[in-house]
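This report refers to the structure that appears directly beneath it.
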Amino acid sequence: MADEVVLLDTWASMFGMRMNPIHKKIPVLIHNGKPICESAIIVQYIDEVWKDKAPILPSDPYERAQARFWVDYIDKKVEFLISCEINLFAEDSS
């Protein structure tokens, strides 16, 4: 049986928000009907599941730690920028 993979990455996706009920954030990767949430966790999951196809993270533990650092850094910066944009939009609307 072939793998079924769906990536929910659209802001307006209420289905995506339901698949991540704790944080109500996207992206959400659905692999064979099972949701995997949060960018960094999705990267690690893909790297583990399809490691024979095309590894994403380096094999060296130090380099892998560095990659995880940058994934976390970017996640936090993007989340901050989006929250700033939402706040500016809310201020403009009032």
Pair I30-V5, side chain to side chain contact (heavy atoms under 4.5 Å, CB included): steps then yes or no: CA-CA 6 Å; I30 303 173; V5 179; over 6 Å; no
Contacts of D72 that satisfy side-chain hydrogen bond (donor to acceptor under 3.5 Å, both in side chains) - sequence neighbours left out: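 So D72 forms a side-chain hydrogen bond (donor to acceptor under 3.5 Å, both in side chains) with K76.
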For V49, side-chain contact (heavy atoms from CB on, under 4.5 Å) partners two or more places apart: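 By the side-chain contact (heavy atoms from CB on, under 4.5 Å) rule, V49 matches H31, Y45.
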Tell me, please, which residues at least two apart from A65 pass side-chain contact (heavy atoms from CB on, under 4.5 Å).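 Scan of A65 (side-chain contact (heavy atoms from CB on, under 4.5 Å), adjacent residues dropped) gives none.
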Are any non-hydrogen side-chain atoms of I41 and I36 less than 4.5 angstrom apart?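 Yes, at least one pair of side-chain atoms sits under 4.5 Å.
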Less than 3.5 Å apart, which donor and acceptor atoms pair up between the side chains of residues 55-62 and the rest of the protein, not counting sequence neighbours?
{"residue": "D60", "atom": "OD2", "partner": "Y62", "partner atom": "N", "Å": "3.2"}
{"residue": "D60", "atom": "OD2", "partner": "E63", "partner atom": "N", "Å": "3.0"}
{"residue": "Y62", "atom": "OH", "partner": "Q66", "partner atom": "NE2", "Å": "3.4"}

Please report the interatomic distance CD(Q44) to CD(E38), rounded to the nearest 0.5 Å.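 Here the rounded value is 11.5 Å.
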Nearest 0.5 Å, please: how far is CD1 in I42 from SG in C37?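 Here the rounded value is 7.0 Å.
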Please work out whether the ring planes of Y73 and F69 are parallel, tilted or perpendicular, with thresholds of 30° and 60°.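 Aromatic pair Y73/F69 classed parallel.
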Shared hydrophobic cluster for V71 and W50 (ILVMFWY, side-chain gaps under 4.5 Å):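 No; W50 is not reachable from V71 via cluster members.
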